[in-house]
Amino acid sequence: MPELPEIETFRRILREGTPENPSLLGKRVQEARLLWERTLAEPDPDGFQTRLVGQTIRSFGRRAKYLLIELDDDTLILHLRMSGDLRVERDSAPIAPHDRFLLVFEDGFRLAFNDTRKFGRIWLLSEPSTLLRKLGPEPLDESLTPETFYAMLSSRQRQLKPLLMDQGFIAGLGNIYTDEALYRSHLHPQSLACALDLAQSKALLENIRAVLEAGIAANGASIDWVYRGGGFQNEFQVYHRKGEPCYQCGTPIERIVVGQRGTHICPSCQKLNT
DNA sequence: ACGAGCGCCTGTCGGC
DNA sequence: TGCCGACAGGCGCTCG
């Protein structure tokens, strides 16, 4: 489900709390309950639950679409994949359908990991880099310059959309924000990366950052039942707008398939010229 | 290096 | 109404 802005929103909610729920910072783990074994990627389930007990949450981080919960000795890493969701609630609350993992704290609150489709994964690692080092640069990291991005694109003979969604190339973009960034850049998702010049590469990077920052500012995007509380769906210009008029030229938005993913374009504003 | 196909899962929606 | 395929914000694998 969520992409970079949605994970960033969860990070903020868990760190700062909301009017309904407290911050989880500084809370100490009393108990960990794994309700669906395959949700745990690493380590083996045996030592996992006892290893968590007694550790205190020191900070929350994010790398790409991974949420990092820094504990005393380990990092608890969550990936929500397609349908994952997080709730903070009292441990007296009923367990919801599709809850896969509960992290219970000494003060009676808990973090619930809910995941209808069971694609989500959690890791408990003493050394997170083993998992995270395969990722490409963070798009919002200022050390990624337009010149670097241009060089990265120039060396790839690959369609833009699958490349931007490749987490090893650049980390954090998914289907929504990729479609939105390409539309704003007037680039066709099937254009080859190496065909972009410096100006186009620079504009693409700026638009990637703009849509991600707009998504973060809106607390993410809520679609269907999958994610609650975000507002970025109201700013979609192509995603989920098949048949509706392009805001720039009025041409109906089309849905095509690129890299086996549903892809939304304005066929007039985004010409294919490889 | 790159793209296609498929598996992993459950649920919803549209068409017949 | 019931059934059946398409589709869903992700990612890892194999195979040409």
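In what follows, chains are A, B, ... by sequence order, proteins preceding strands, each numbered from 1.
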Nearest-Å distance once atom C1' is located in both B/dC9 and C/dC7: 14 Å
Short side-chain to backbone donor-acceptor contact, A/Arg209 and A/Pro139, under 3.5 Å: yes
Rounded distance (Å) that lies between atom C1' of B/dC2 and atom CE of A/Met165: 16 Å
Donor-acceptor contact below 3.5 Å, side chain A/Glu180 vs main chain A/Tyr239: yes
Nucleotide C/dC7, atom C1' - distance to NE2 of A/His264 in whole Å: 11 Å
Nucleotide C/dC11, atom P - distance to CD1 of A/Ile170 in whole Å: 14 Å
Residue A/Arg156, side-chain atoms from C-beta onward, closest of B/dC2, C/dG9, C/dC7: B/dC2
Whole-Å distance separating the CG atom of A/Asp166 from the C1' atom of C/dG12: 12 Å
OP1 or OP2 of C/dA8 under 4.0 Å from side-chain N/O of A/His240: no
Which nucleotide in C/dG9, C/dC7, B/dG11 has an atom nearest any side-chain atom of A/His98: B/dG11
Any A/Arg117 side-chain N or O less than 4.0 Å from OP1/OP2 of B/dG11: no
Side-chain donor/acceptor contact of A/Glu6 with base of C/dG9 under 3.5 Å: yes
Pairwise P distance, B/dC6 and C/dG5 [rounded to whole Å]: 15 Å
Neighbour count >12 (heavy atoms, 6.0 Å) for atom CD, A/Gln157: no
Centroid under 5.5 Å and tilt under 30°, A/Phe119 to B/dC8: yes
Distance in Å, A/Leu140 CG paired with A/Ile216 CD1, rounded so as to fall on 0.5 Å steps: 5.5 Å
Nearest-Å distance for atom pair CG/C1', residues A/Asn219 and C/dG9: 16 Å
CG-CZ distance between A/Asp115 and A/Arg117, expressed to the nearest 0.5 angstrom: 9.5 Å
A/Lys118 vs B/dT10: side-chain N/O to OP1/OP2 distance below 4.0 Å: yes
Sugar-phosphate, base or nothing in reach of A/Thr39, heavy atoms under 4.0 Å: nothing
Touch class at under 4.0 angstrom, heavy-atom based, for A/Arg100 against every strand present: nothing
Give me, pair by pair, the N or O atoms of the protein and of nucleotides 13-16 of chain C that are less than 3.5 Å apart, along with how far apart they are.
none

Partner set under salt bridge (charged side-chain N to carboxylate O under 4.0 Å, His left out) for A/Arg28, not counting sequence neighbours: A/Glu106
N-O pairing of A/Arg33 and A/Asp91 below 4.0 Å: yes
From B/dC9, C/dC7, C/dG10, nucleotide with atom closest to A/Arg38 side chain: B/dC9
Ring pair (Phe, Tyr, Trp, His ring centres under 6.0 Å) partners of residues 142-200 of chain A, not counting sequence neighbours, each pair once: A/Tyr177-A/Phe232
P atoms of B/dG5 and C/dA8, separation to the nearest Å: 16 Å
SB check A/Arg62 A/Glu138 (cutoff 4.0 Å): yes
Might you list the N or O atoms of the protein lying below 3.5 Å from N or O atoms in nucleotides 3-7 of chain B, with each pair's distance?
from: B/dG3; atom 1: OP1; to: A/Gln159; atom 2: N; distance (Å): 3.0
from: B/dG3; atom 1: OP2; to: A/Arg158; atom 2: NE; distance (Å): 2.8
from: B/dG5; atom 1: N7; to: A/Gln260; atom 2: OE1; distance (Å): 3.0
from: B/dG5; atom 1: N7; to: A/Gln260; atom 2: NE2; distance (Å): 3.0

Trace of the side chain to side chain donor-acceptor pair (under 3.5 Å) decision for A/Asn207 with A/Ser185: CA-CA 7 Å; A/Asn207 284 312; A/Ser185 307; 2.9 Å; yes
Polar contact flag, side-chain donor to acceptor under 3.5 angstrom, A/Ser59-A/Glu70: no
C/dG9 phosphate, OP1 or OP2, under 4.0 Å from A/Lys65 side-chain N/O: no
Gap in Å between the two P atoms, one belonging to C/dC3 and one to B/dC8, rounded: 25 Å
Side-chain N or O of A/His79 closer than 4.0 Å to phosphate OP1/OP2 of C/dC11: yes
Side-chain donor-acceptor pair present, A/Glu89, A/Asn21, cut-off under 3.5 Å: no
Please tabulate, for side-chain N and O atoms in residues 248-256 of chain A, each donor-acceptor pair with protein atoms closer than 3.5 Å (sequence neighbours left out).
none

Touch class at under 4.0 angstrom, heavy-atom based, for A/Lys134 against every strand present: sugar-phosphate
Spacing between A/Asp179 atom CG and C/dC7 atom C1', to the nearest angstrom: 15 Å
Sugar-phosphate only, base, or nothing, as touched by A/Tyr239 at under 4.0 Å among non-hydrogen atoms: sugar-phosphate
Per-nucleotide pairing state of DNA chain C [Watson-Crick or G-U, under 3.5 Å; [ ] pseudoknot-crossing; | other strand]: .|||||||.|||||||
Sugar-phosphate only, base, or nothing, as touched by A/Arg121 at under 4.0 Å among non-hydrogen atoms: nothing
